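Comments concern the structure below.
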Amino acid sequence: MIIGELSRRELTRRCRQGLAWRIGPFAISVQVQAPLIIENLAFLYADYPICDNAGIIDAFVTVRSAGLMGRHVDIRIDGRKMYCHVPMEQAVPVLEWTLNLCVFHQPSVFLLLHAAAVERDGRVAIFPGEAGAGKSTLCAALIHSGWRLMSDEVAVVRPGDQWIFPSPRPVSLKEESIPLIKGFAPTSRLGRVWPGTAKGQLAHVVPPRESIERMGQGAAPAWIICPNYQPDAKTSLQPCPKDLAFMQCAGNAFNYDVLGAVGFRTLSALVDACDCYAFTYCNLVDAVSRFQELSDSYVGEHSARGCLG
Amino acid sequence: MGSETRYRSRILDWRTWDSDGHVVYNPLSGDTHLLIGISVSALQELAKATCTADELMQLLVKAWRGDGPPPSMSQLNDLLAGLDELGLIEVAP
Amino acid sequence: MDASVSLLIGAFIDPHTVMDLDCQSWNRLLRLARRLEILPRLASGLLPFDEQLPTRVADHIHAASAVAEAFERNVRWEVDRVERALRETSGRAVLLKGAAYVVANLPVARGRRTSDLDLLVPCDSLATVEEALRQHGWEPLHNNDYDDYYYRAWMHELPPLRHRTRGTVIDVHHTILPTTGRLRPDVRHLWERARPVVGYHFYVLAPEDMVLHAMAHVFQDGELSSGLRDLLDLDSLLKYFGETEDGFWSRLVPRARQLQLMRPLFYGLHFSKVLLRTPIPDFVLKEAVSGQPTRLVRSFMERLVTLASLPCSRDEESWQVSTARLLLYIRSHWLRMPPGLLLRHLTRKASARWSLRRVSK
């Protein structure tokens with residue numbers, strides 16, 4: 001059953017007790033009462049499968065009223081306070097960020113890279129980089145151009161075969177990227193625009209249904225691409241030395257250090273398996289078309305699509 | 001450090017690809033380093049056998065293929081101090 | 001005791017008790033362990049049974065075990081770096097607490113997070129040790145003269161030093177309790193029985209001294225802010241040494257008497273037994289009774305320590321627990337320094353916090 005199949009009343013009831021849904025390999029429970037937040041969850045996560053109560057939950061998020069007027073909330077993960085006294089107008093973006101933290105900071109047997117990842121024809125492109133490099137915007141454009149969303153924030157890499165597993169979530173867009181994506185993909189499902197967060201204006205793009213339906217299907221990595229948005233530059237895809245690509249990924253990973261030798265070997269094998277590039281772009285149409293060429297010309301084994309096992 | 005000090009490489013995990021950069025993982029520290037040029041050559045020599053700074057210099061000069069002159073003794077000593085600080089080499093007992 | 005808490009403690013005491021849990025119970029258990037930041041520790045205990053666990057639970061256990069390995073690696077590396085920094089200095093140095101547990105391969109070290117490295121050196125080596133550390137990249141953590149004076153003159157250690165690139169902190173002590181405190185064990189006794197560690201140039205305390213130091217740290221010097229974790233340390237040390245160290249139980253109480261640590265010993269044994277069911281021989285408990293406080297103090301401490309160390313499964317800390325922690329905090333400072341100094345110290349700390357808040361607004 002998906003969240004969208006619940007009546008608003010049933011959804012509200014379940015949210016009060018804690019509604020759990022699946023995001024790729026992760027099952028996250030959110031307990032919340034505020035109608036504004038529930039309404040937005042209903043929009044952003046309508047296509048997501050609900051977890052039944054018999055399963056293991058990876059993180060419990062609770063959103064509780066703070067202060068006397070009900071206009072602020074505290075947000076916790078597993079009982080630990082992450083954000084205090086968040087104004088209601090920022091609660092949705094902060095909650096979205098909290099759901100990221102549930103994945104980023106939990107121990108994992110996977111190597112978790114701070115990167116966007118998209119898939120086409122059984123091959124995954126990984127975009128490592130911090131915020132501001134333009135990976136979310138590029139990601140949002142690609143997923144409306146025939147690519148499947150794996151994630152806009154965390155590439156989940158399985159040690160052993162280095163397959164990437166999806167944890168597709170609403171893609172967050174900041175400031176100028178919002179009208180850019182609206183213009184590029186008019187059929188995209190964009191949520192409300194939230195003003196005045198620490199990152200300026202924020203909005204979330206709901207992933208295409210296919211990305212959500214196929215959240216259990218991993219795929220083999222093929223490209224590591226370090227994106228760089230430059231307003232007046234020519235679009236260019238330049239080969240990047242693999243040692244630099246390695247360090248870029250390691251420096252932008254959530255648990256590379258913790259995994260120790262396994263982290264090193266997994267990332268080495270990932271870099272072995274991928275063509276590595278630095279990508280400069282100034283407009284989305286050119287960028288998407290360049291990626292189309294890249295995908296079409298890929299010479300390599302076409303890996304069969306696999307399921308998470 | 002006295003000139004009789006003997007150094008050796010710690011047991012490290014290495015990878016290299018198409019350029020001259022080498023990524024090196026130290027299982028003891030959990031740190032990963034990107035090394036190029038003479039750091040790589042020095043470390044590779046110290047992985048084969050323990051050396052004093054003088055012995056290492058002789059080996060490096062013999063195998064020198066780089067542009068420009070080989071390093072000075074003072075530069076080599078700085079390099080060894082740096083590698084020791086990072087824990088990539090140690091003083092042999 | 002809350003059901004989730006009981007389940008969690010049971011998982012530590014005997015992993016077999018959690019082999020047949022349903023998913024809801026596992027969720028409660030894992031959630032509580034995550035909240036208390038003891039999942040790596042729990043995972044280390046459950047790892048030998050991973051094949052009997054539900055798959056998704058086993059995934060969490062394996063992931064947290066990798067974290068436990070990282071904790072151990074970090075400590076061993078830090079010990080390696082300190083050893084390197086001190087290799088030119090002469091004289092012995094004793095590793096204390098977490099770092100000692102790791103290098104001595106004690107079960108208590110598994111999954112245990114060690115934040116700082118604690119080192120005991122002879123009083124007359126302090127200056128050379130400090131100099132050697134500074135030359136190898138450590139620098140003072142606190143920048144103000146007051147804190148510097150507090151540590152050197154009143155406490156029992158150099159001001160904490162932080163490494164400028166690794167960010168790790170080392171505390172160098174010359175005795176194990178503050179020199180201004182009410183209990184002043186003679187550190188020479190500790191040196192007499194300190195043992196060398198295989199593979200390192202460091203020493204560790206003898207088993208009974210290690211246990212007594214842990215108890216003194218928790219019940220004399222501390223405010224039980226890491227309540228359950230501290231008790232788990234004591235439980236593990238007592239169990240391990242009780243089983244593997246010949247004569248440990250017979251030496252424990254006489255040693256506590258010699259070191260004037262009967263009071264912390266009494267509390268350590270008592271709370272470990274009552275809250276974690278640590279197996280302690282009757283004769284030891286009987287002998288330790290002479291360390292107990294007056295009935296009034298004892299009932300007060302029962303309440304405070306139970307509140308502060310047993311977590312409640314509700315997320316928000318109750319006012320009772322916050323009060324208990326505050327009282328224990330005051331108690332620890334009361335035990336650390338004479339009243340006049342205490343008042344000056346607390347006033348100074350409070351006004352420093354106030355000015356910091358004003359600046360940040």
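Note that this is a predicted model, so its numbers are computed, not measured. Here is how names work: the chains are called A, B, and so on, in the same order as the sequence lines, proteins then strands, and each is numbered from 1.
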Item to check | Residue pair A:Trp163 / A:Pro221: nearest heavy atoms and the distance that separates them | outcome: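 Shortest heavy-atom separation between A:Trp163 and A:Pro221 comes out as CA-CD, 4.3 Å.
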Checklist entry - Who among A:Pro239, A:Ser268, A:Gly263, A:Pro241 has the most heavy-atom pairs with chain B under 4.5 Å? => result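 Option with the greatest count: A:Ser268.
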Checklist entry - Between A:Val271, A:Val258, A:Leu259, A:Asp257, which residue shows the highest count of heavy-atom pairs closer than 4.5 Å to chain B? => result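 Among A:Val271, A:Val258, A:Leu259, A:Asp257, the one with the most close pairs to chain B is A:Val271.
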Next on the checklist: Please check if the number of heavy atoms outside B:Ile36 that lie under 6.0 Å from its CD1 is greater than 12.
Outcome noted: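 Open.
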Checklist entry - What distance do A:Met247 atom CE and A:Leu267 atom CG have between them, rounded to the nearest 0.5 Å? => result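 One finds 9.5 Å between CE of A:Met247 and CG of A:Leu267.
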Checklist entry - Between CE of A:Met215 and CZ of A:Arg148, what distance do you get to the nearest 0.5 Å? => result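 These two atoms lie 10.5 Å from each other.
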Next on the checklist: Tell me every residue that passes side-chain hydrogen bond (donor to acceptor under 3.5 Å, both in side chains) with A:Tyr256, counting only those two or more places apart in sequence or in another chain.
Outcome noted: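 Scan of A:Tyr256 (side-chain hydrogen bond (donor to acceptor under 3.5 Å, both in side chains), adjacent residues dropped) gives B:Thr32.
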Item to check | Heavy-atom contact with chain A under 4.5 Å, split by part of B:Asp13 | outcome: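 For B:Asp13, backbone and side chain are both near chain A.
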Checklist entry - Relative to chain B, which segment of A:Ala250 carries a heavy atom at a distance below 4.5 Å: side chain, backbone, both, or neither? => result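 Neither part.
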Item to check | Atom group of A:Leu244 that falls short of 4.5 Å from chain B, counting heavy atoms | outcome: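 Just its side chain gets close to chain B.
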